[in-house]
Amino acid sequence: VGEAGVKVMNLLSGNHTKALGVPTPVTVTQNKAEGKGIIISGHNLDMLEKLLERIEERGLSDKINVYTHSEMLPAHGYPELRKFKHLKGNIGKSWFDQNELFEKWPGSIIVNTNCIVPPKKSSTYVDRLYTYDIVGIEEGKKIVDDNFDEIIAQTLTLPDADSFDSDETLQTGHHYK
């Protein structure tokens, strides 16, 4: 079983590095945000790249910033993702802080894998929550066929994320290749 797991991880890593380059170390801001923003939580780097490209295609790279959360932090190390100037930093800790963090976050949220804590019934962020692909919760709006236009439009109407103003940084981008 362990050998199969290593083989699968090598295949996944090979696909990521082929498409996005070999990660290199980089310093990333932590809990610092500005302007309109979208937080991405999960593991799906392909989805993140498609979102970044769509924002750029629409000429909104200077109006919408994208922030990683939790397992998405390593995205900053990949050269092909780092070239997007609107991929800014990391917000929050791990999956376990989603409910608390998402309540404080004024922008939009995408969860793109099943690393999600289901929102509480009293949650005030579900109208800003989007899910992607296999995410199995009822709350939130489903992104279908990689159409990010609805979340982009909503993000432009939401308050700026100026209350996140930490001087913390993190290191990421370490790879075995």
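Just so you know, these numbers use all the heavy atoms, side chains as well, and skip hydrogens, waters and symmetry mates.
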List the steps, then state whether side-chain contact (heavy atoms from CB on, under 4.5 Å) holds for S94 with E71.
CA-CA 7 Å; S94 188; E71 290 86 356; 4.3 Å; yes
Can you label the angle between the Y67 ring and the W105 ring as parallel, tilted or perpendicular, going by 30° and 60°?
perpendicular
Less than 4.5 Å apart, any side-chain heavy atom of R82 and any of T24?
yes
Please name the pair of heavy atoms, one in E80 and one in A19, separated by the smallest distance, quoted to 0.1 Å.
CG-O, 3.7 Å
Spacing of Q171 atom CD and L73 atom CG [to the nearest 0.5 Å]:
10.0 Å
Under 3.5 Å: donor-acceptor pair, side chain of N147, backbone of D149:
yes
How about NZ on K142, more than 12 heavy atoms from neighbouring residues, nucleotides or ligands closer than 6.0 Å, or not?
yes
Walk me through it: do K7 and E3 pass the test salt bridge (Lys or Arg N to Asp or Glu O under 4.0 Å)?
CA-CA 6 Å; K7 186 174 186 177; E3 192 174 303; over 6 Å; no
Please lay out, stage by stage, how F102 and D97 fare under the test side-chain contact (heavy atoms from CB on, under 4.5 Å).
CA-CA 8 Å; F102 294 170; D97 80 345; over 6 Å; no
Any link between F96 and V111 through a network of hydrophobic side chains (Ile, Leu, Val, Met, Phe, Trp, Tyr) touching at under 4.5 Å?
no
Distance-only, no hydrogens or angles: does the S166 side chain make a donor-acceptor pair with backbone N or O of K32 under 3.5 Å?
no
State, without any angle test, whether T155 and R128 hold a side-chain donor-acceptor pair at a distance under 3.5 Å.
no
Atom pair CG (L87) and OG (S61), whose distance is rounded to the nearest 0.5 Å:
11.0 Å
Would you sort out whether I151 and I38 count as a side-chain contact (heavy atoms from CB on, under 4.5 Å), showing the intermediate values?
CA-CA 9 Å; I151 190 170; I38 301 173; 4.1 Å; yes
Residue pair E49 / Y78, side-chain donor-acceptor N/O under 3.5 Å:
no
For a side-chain contact (heavy atoms from CB on, under 4.5 Å) with M72, tell me which candidate from I40, I39, I110 qualifies.
I40
Hey, mind stepping through K85 and D62 against salt bridge (Lys or Arg N to Asp or Glu O under 4.0 Å) and telling me if it holds?
CA-CA 8 Å; K85 67 178 184 174; D62 60 340; 5.9 Å; no
With rounding to the nearest 0.5 angstrom, report the CG to OG1 distance, N31 to T169.
11.5 Å
Distance, nearest 0.5 Å, that separates CE of M47 from OG1 of T113
10.0 Å
Under a 4.0 Å threshold between the charged nitrogen and the carboxylate oxygen, would K141 count as salt-bridged to D127?
no
With no hydrogens and no angle check, is any side-chain donor or acceptor of S13 less than 3.5 Å from a backbone partner on M9?
no
Which atom names give the shortest non-hydrogen contact between E34 and N65, and what distance separates them?
O-ND2, 2.8 Å
Any donor and acceptor pair, going by atom type alone, linking the side chain of N44 with main-chain N or O of D46 inside 3.5 Å?
yes
Identify whether the distance between the nearest side-chain nitrogen and carboxylate oxygen of K50 and E53 falls below 4.0 Å.
no
Above 12 or not: heavy atoms from other molecules or residues under 6.0 Å from CD of E138?
no
State whether the side chain of E56 and the backbone N or O of F84 hold a donor-acceptor pair below 3.5 Å, judged by distance alone.
no
Strictly distance-based, threshold 3.5 Å: is any side-chain N or O of Q30 a donor or acceptor partner for the main-chain N or O of E168?
no
Would the distance check show the side chain of H86 and the main-chain N or O of L52 forming a donor-acceptor pair, the cut-off being under 3.5 Å?
yes
Does I55 belong to the same Ile/Leu/Val/Met/Phe/Trp/Tyr cluster as L45, with side-chain heavy atoms less than 4.5 Å apart forming each link?
yes
Donor-acceptor contact below 3.5 Å, side chain K36 vs main chain L158
yes
Can you check whether G35's main-chain N or O pairs, donor with acceptor, with D162's side chain at less than 3.5 Å?
yes
Under the 3.5 angstrom rule, does the side chain of N112 hit a backbone N or O of H43 as a donor-acceptor pair?
yes
Less than 4.5 Å apart, side chain to side chain, heavy atoms only: is that true for V26 and T172?
yes
